[in-house]
Amino acid sequence: MSSTASQIVDVVGGPDNIVGLTHCATRLRFQLRDSSAIDKADVEKIPGVMGAVPQSGNRYQVVIGGAVNSVYNDIMALPNMQNLGSRNTEPSDADVKAAHRSQGPRGKFSWLDNLFEYLSDSFRPIMGTLLGASLFITFMALMGTMGVIGNWADSRVSLPPSWQFVNLAWQCVFYFLPLLVAYNATKRLNADPWVGFSVMAVVMLPGFAELGKAAHPLSLGGFEVNVVEVFGLPLTIFNYGSQVFPPLIMAAILAPLYKWLKKVISPNVQMIFVPFLTMLIMIPLTAFLIGPIGVYAGAGLANGLKAVNDVSPFIFAVLIPLLYPFMVPLGLHWPLNAVMLLNIQTLGYDYIQGPMGAWNFACFGATAGVLFLSIRDKDVTMRQSATGALAAGLLGGISEPSLYGIHLRYKKIYPSMLVGCLVGGVIIGAGGGLHTPAFVFTSLLTIPAFDNIGLYAVAIAASFFTAMALVIVRDYRDDDEKAAAKARRAEAKAAQARGTKATPGALATASAGAATAGTATVGTVSTGSASAETATVGTATAGSATAVATRPTTQTATVDSAETSTAAEVASKALTITSPLKGRAVPISQIPDPVFSTGVVGDGIAIDPTDNVVLCPADATVITAPDSGHAVGLKLDSGVELLIHVGIDTVELDGKGFDVKVKAGDHVAAGQPLVVFDPAVIDAAGYSRITPVLVTNGFDYSNVTGIPADEVTTSTPVLTVEK
């Protein structure tokens, strides 16, 4: 796509010629300084471009189809587009994350937000390394389950040298985890990360552990510790491998000290004395005080959670997956990751990751439900998003792409996902809980890492398929989006009936026409092609200007005056629809937009209005009625689905000059006002007022007939449809 993005920017005159860029459902909408030099043919030659629509006022549309969001993002990611002051109609994952966090405690207390960002940034860079190590652990667990080797997680079991070597592949990551965390945490606080790394490395040296040989045991707060005197001071000797709390606390103290020393020491000698003095202070402080405090703090938190689990493993197994969907978006789950690591280091196993797997797979199941609907409804963009998110989840155990890319954008998903969490948690709790001897990412690949593989597999499968089924049944979209999906299915069905393949662009156009948001927005006319054929009907009698517009076909159908009687018989059997506006009724071929004029959205009629009130032409249910007021989708009680699109490109007005009188789901009577608009606002913006009135489920009917007339009222028939 990057090549397509670059070519599009170049062909419209480069970044300096672009004043603004937005996109709707299928079109890139450029506001240019000068559009006169653009060659439409050159635009349409670009791979991925389905059409180009020059407009007045130096506006220019490039029709992409369902991939428009990806192309838009690629354009905005180009280095020479970084300073463009346009608005993005689709929030990024980071925007979604920030918006959600602003609603929680992190949005109310800056210190709390800073704390969890500190925790997050200390772990995030090493997540890939942890994921890689977790797969080594899974392999060892699988070999142990199959009886190939003994208990690989028990240090008392002696493995053959070959398997000991394999074991080192994951042990290296977890043993030296304090050094990795120290580096990231110090860097996050804008101090020299290698100084933080070096300070933490002191307590991990073999020589530090050797000091324990001269130590004497001491009971402290229920903990048995080894203490040795160093310069008359008690030094507690711990095994700091896999510990994460000591480096986090150490970096939080080291960073302000480092910055203060840089302020008071001359720049000429900072390189020598700032690191030296920082290490001089922080090494003994960490060894004597910060290290033990970190160990005790982590152990205290771990023991608190263990106490809850010991009292009721069932409650714990249900509670964890129900809390995670709310903790992860806020970043409040990072301390639990540290506790998991500490559990493994102190207990030899962890009990949190099993219930956490129920949440993860409920999350992935909800994404699978979205993927199913997107495939069924020909939603190319959502299909791409859901496929990537599901792959990241099932193979990597990573929930963020699903969470921020989909779930938090469509809040109807959360109830379905929570039911999946509950079901999985209940199964784990009823089975007595789960343990794993290593820190793993809960994915399909790490199932063998748990002590009761059968219980875990059943629980995560139940979580996955429960959430998936509920999302499919309940859907995740609002009424407008479901109407758009229905239009895409109708277009695909019709294309199949014609023996042709519905293009992503045409499907996206049907979506935009049936829903709202950005007008019908796909061009099907390729340069030099004849894909925009329309059926032509001659006049029936002198003075009768009746034109019959049927669905696009591969040949032009011609009806001469000799067939007048046949047309009259069809009309007498057809359902009649009156005009929603006063004005002049014209064939859709006169609509100044190739998407509408070629009949891709649907056949019908266009009204050049002389009034400003759109009335409902028959009793109907409102399918879509966006706040912008530019379009209304109706399902008439007769079954006809009608799109009334007020003006061309009026979505750009963002509702200015429009007063919407109904909302999606309303049942309205014939003659009831739907939208009141200000013609002066449309004229001032340079847009056409011509209003397409289109049957969007035309493939349910054998003929859709538009009736042009020089003057129509809201009681004048302008459409007939024959079942």
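When reading the values below, keep in mind they use all heavy atoms of this one structure, side chains included, and skip hydrogens, waters and symmetry mates. The structure presented is a predicted model; accordingly, all values stated were derived computationally and were not measured.
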* To do: Check for a donor-acceptor pair, side chain of S702 on one end and backbone N or O of E722 on the other, with a separation under 3.5 Å.
  => yes
* What distance do T621 atom OG1 and E641 atom CD have between them, rounded to the nearest 0.5 Å? -> 10.5 Å
* Nearest heavy atoms of C616 and A618, plus distance in Å -> SG-O, 2.7 Å
* Asked: Between Q61 and P54, is any pair of side-chain heavy atoms under 4.5 Å apart?
  -> no
* Taking all heavy atoms of S374 and all of L371, pick out the closest pair and write down the distance. => OG-O, 2.8 Å
* Got a second to check how far I648's CD1 is from S597's OG, nearest 0.5 Å? -> 9.0 Å
* Results of side-chain hydrogen bond (donor to acceptor under 3.5 Å, both in side chains) for S402 - residues two or more places apart only -> T367
* Applying side chain to side chain contact (heavy atoms under 4.5 Å, CB included), run through M382 and Y410 and close with a yes or a no. => CA-CA 12 Å; M382 181 54 75; Y410 299 92; 3.6 Å; yes
* Asked: In terms of side-chain geometry, is the basic nitrogen of R29 or E652 positioned less than 4.0 Å from the acidic oxygen of its partner?
  -> yes
* Structure fact -> I605 and P708 have their tightest heavy-atom pair at CD1-N, 3.9 Å
* To do: Return the set of residues passing salt bridge (charged side-chain N to carboxylate O under 4.0 Å, His left out) with D619 (not counting sequence neighbours), or none when no residue passes.
  => none
* **Min side-chain heavy-atom separation P580-T714 under 4.5 Å** => no
* Structure fact -> Separation between CG (L373) and OH (Y476), nearest 0.5 Å, reads 6.0 Å
* Indicate yes or no: at least one non-hydrogen side-chain atom of L634 is less than 4.5 angstrom from one of I623. => no
* Asked: T4 side chain to P47 main-chain N or O, any donor-acceptor pair under 3.5 Å?
  -> yes
* Spell out, as yes or no, whether a donor-acceptor pair under 3.5 Å connects the side chain of E44 to the backbone of A52. => yes
* Is there a side-chain contact between T578 and T716, using heavy atoms and a 4.5 Å cut-off? -> no
* **Shortest non-hydrogen separation from V718 to A585 and the atoms involved** => CG1-CB, 4.2 Å
* Test D608 against K582 for salt bridge (charged side-chain N to carboxylate O under 4.0 Å, His left out), laying out the working first. => CA-CA 8 Å; D608 192 359; K582 295 179 181 179; over 6 Å; no
* Asked: Hey, are the side chains of T720 and L575 touching, using non-hydrogen atoms and a 4.5 Å cut-off?
  -> no
* Asked: How about D34 and S36: does a side-chain donor come under 3.5 Å of a side-chain acceptor?
  -> yes
* State, with a plain yes or no, whether a side-chain heavy atom of V19 is found less than 4.5 Å away from one of F30. => no
* What pair of heavy atoms forms the shortest contact from I607 to S579, and how long is it? -> CD1-OG, 3.7 Å
* Asked: Any donor-acceptor pair under 3.5 Å linking the side chain of N697 with the backbone of G639?
  -> yes
* To do: Just do the side chain to side chain contact (heavy atoms under 4.5 Å, CB included) check on L78 and M76 with the steps written out, would you?
  => CA-CA 6 Å; L78 294 173; M76 298 306 294; over 6 Å; no
* Would you say R689's side chain and V646's backbone share a donor-acceptor pair under 3.5 angstrom? -> no
* Asked: Among V370, D377, I375, which one satisfies side chain to side chain contact (heavy atoms under 4.5 Å, CB included) with R383?
  -> I375
* So, the side chain of N17 versus the backbone of V12: is there a donor-acceptor pair under 3.5 Å, distance only? -> yes
* Asked: Within a strict 4.5 Å, meaning less than it, do heavy atoms of the L642 and L719 side chains meet?
  -> yes
* To do: Show your working on side chain to side chain contact (heavy atoms under 4.5 Å, CB included) between I18 and M81 and close with a plain yes or no.
  => CA-CA 9 Å; I18 301 174; M81 292 290 290; 3.9 Å; yes
* Structure fact -> Taking every heavy atom of L653 against every heavy atom of A685, the minimum-distance pair comes out as CD2-CB, 3.6 Å
* To do: Starting from the C-alpha separation in whole Å, work towards a yes-or-no answer on side chain to side chain contact (heavy atoms under 4.5 Å, CB included) for K412 and S416.
  => CA-CA 7 Å; K412 287 179 66 176; S416 301; over 6 Å; no
* **Reported CD1-to-NE2 distance for the pair I682 and H630, which is rounded to 0.5 angstrom** => 11.5 Å
* Using modelled atom types only, decide if a donor and an acceptor are shared between the side chain of D475 and the backbone of R477 within a distance under 3.5 Å. => yes
* Asked: So how far is it from D603 CG to T696 OG1, rounded to the nearest 0.5 Å?
  -> 11.0 Å
* To the nearest 0.5 Å, tell me how far K40 NZ sits from S35 OG. => 13.5 Å
* Asked: Is there a donor-acceptor pair under 3.5 Å between the side chain of R59 and the backbone N or O of L32?
  -> no
* To do: Check whether any side-chain heavy atom of T691 sits under 4.5 Å from a side-chain heavy atom of L581, and report yes or no.
  => yes
Do any side-chain atoms of residues 657-677 form donor-acceptor pairs under 3.5 angstrom with protein atoms, and if so which ones, sequence neighbours left out?
residue, atom, partner, partner atom, Å
D659, OD2, K661, NZ, 2.7
K663, NZ, D666, OD1, 3.3
D666, OD2, K663, N, 3.0
H667, NE2, D637, OD1, 3.1
H667, NE2, D637, OD2, 3.3
Q672, OE1, A669, N, 3.1

